[in-house]
Amino acid sequence: MRAQLARVDAVLVQAVIAAALSFAHLHDVASAAGQDGWKAWAYPVSVDLLLVAAWRRLRSGDAKAAGWCWFVIALAASLGANVATAGLLDLDQVPAWLRILVAGWPAVAFLGGTLLAHSAPAPNVTTENAADAVDQEDRPDSAPAVSVQPAPTPAPTAVFVPAALVEHARKVAAEHQTRTGAAIDTPTLRARLGVPAPMADAIAAQL
């Protein structure tokens with residue numbers, strides 16, 4: 001237990017030192033590029049926040065390409081400041097291109113943070129979502145009785161089917177019978193509705 005705490009403490013101390021140095025380097029570059037006062041301190045904060053947002057996206061497992069893209073951009077900004085303050089850049093004579101990059105960074109950081117933090121997650125299709133997807137205006141007051149070929153074997157467990165989805169299925173079955181002259185079978189019904197096989201069997205049993 002003590003050995004584990006020692007390893008954790010060492011990692012935390014190293015992280016604090018690295019963050020403090022990177023924070024100071026970013027501040028120095030921003031200050032040299034003409035961003036004085038509180039603005040020079042805001043630049044390292046924006047870089048670190050973008051790094052955290054990108055890391056959280058990578059940990060979540062959603063849209064990893066976007067997470068890696070913004071993680072590399074923020075890491076390049078941090079590493080660039082570290083290298084620039086290591087004697088490779090004269091902070092008294094900052095080139096114009098660096099001033100342009102520093103001035104444009106807030107917009108880039110805002111765009112990246114917004115896309116990472118507020119992008120919509122992948123939709124999770126459920127039975128309730130399928131029922132809500134049915135257009136209210138397309139639901140008929142009454143549907144003609146149609147015959148549907150039952151599934152070869154009944155579903156092993158009971159599947160709840162919303163009434164709205166059953167009504168929509170009746171409309172689909174009626175349209176199929178009118179167009180083809182034959183009763184719709186369960187595989188075709190399933191393909192038209194886009195539902196799993198057990199739900200399609202349950203719907204066919206109710207038609």
Side-chain angles (χ1 to χ4, degrees), residues 1-136 162 194-196:
M1 183 66 179
R2 291 181 179 179
Q4 183 177 2
L5 290 177
R7 288 195 300 269
V8 172
D9 291 343
V11 171
L12 290 177
V13 171
Q14 180 67 21
V16 170
I17 294 174
L21 291 174
S22 179
F23 198 91
H25 292 160
L26 285 166
H27 168 269
D28 293 344
V29 170
S31 179
Q35 307 296 326
D36 54 353
W38 66 269
K39 293 181 290 185
W41 293 107
Y43 275 83
V45 174
S46 69
V47 173
D48 290 344
L49 288 179
L50 186 58
L51 276 171
V52 172
W55 178 246
R56 290 189 61 184
R57 173 55 62 88
L58 293 175
R59 292 290 301 273
S60 68
D62 296 330
K64 284 192 174 183
W68 276 115
C69 176
W70 290 107
F71 185 82
V72 170
I73 291 175
L75 186 62
S78 180
L79 290 177
N82 296 339
V83 174
T85 55
L88 299 180
L89 179 67
D90 185 2
L91 296 181
D92 295 328
Q93 299 292 332
V94 178
W97 62 265
L98 182 57
R99 293 179 181 272
I100 294 174
L101 288 179
V102 172
W105 173 257
V108 175
F110 176 77
L111 176 63
T114 301
L115 293 177
L116 290 172
H118 298 288
S119 59
N124 184 17
V125 179
T126 61
T127 302
E128 295 181 357
N129 297 140
D132 293 339
V134 179
D135 189 357
Q136 296 290 341
V195 297

Revision key, fill the gap. What one should report as the nearest heavy-atom pair of V102 and Q35 is CG1-CG, 3.7 Å
Revision key, fill the gap. One should read off an interatomic distance between D36 CG and W41 CH2, to the nearest 0.5 angstrom, of 13.0 Å
Side-chain polar contacts of residues 65-76 - donor-acceptor pairs under 3.5 angstrom, sequence neighbours left out - could you list them?
none

Practice item. Just grab all the side-chain hydrogen bond (donor to acceptor under 3.5 Å, both in side chains) pairs involving residues 95-113, residues at least two apart or on different chains. Key: S46-W105
Study note, to complete from the structure: G113 and L50 have their tightest heavy-atom pair at N-CD1, 3.6 Å
Exercise for review: Quick one: list whatever passes side-chain contact (heavy atoms from CB on, under 4.5 Å) with V52, sequence neighbours left out.
Suggested key: R56
Study note, to complete from the structure: S78 meets the side chain to side chain donor-acceptor pair (under 3.5 Å) criterion, sequence neighbours left out, with S22
Practice item. Using side-chain contact (heavy atoms from CB on, under 4.5 Å) as the criterion, list what pairs up with A53, not counting sequence neighbours. Key: L116
Check your understanding: What residues form a side chain to side chain donor-acceptor pair (under 3.5 Å) with S31, not counting sequence neighbours?
Key -> none
Practice item. Output, in order, the C-alpha distance, side-chain angles, deciding distance and verdict of side-chain contact (heavy atoms from CB on, under 4.5 Å) for L111 and V108. Key: CA-CA 5 Å; L111 176 63; V108 175; 5.9 Å; no
Exercise for review: Please list, chain by chain and in numerical order, all residues satisfying side-chain contact (heavy atoms from CB on, under 4.5 Å) with P106, sequence neighbours excluded.
Suggested key: Y43
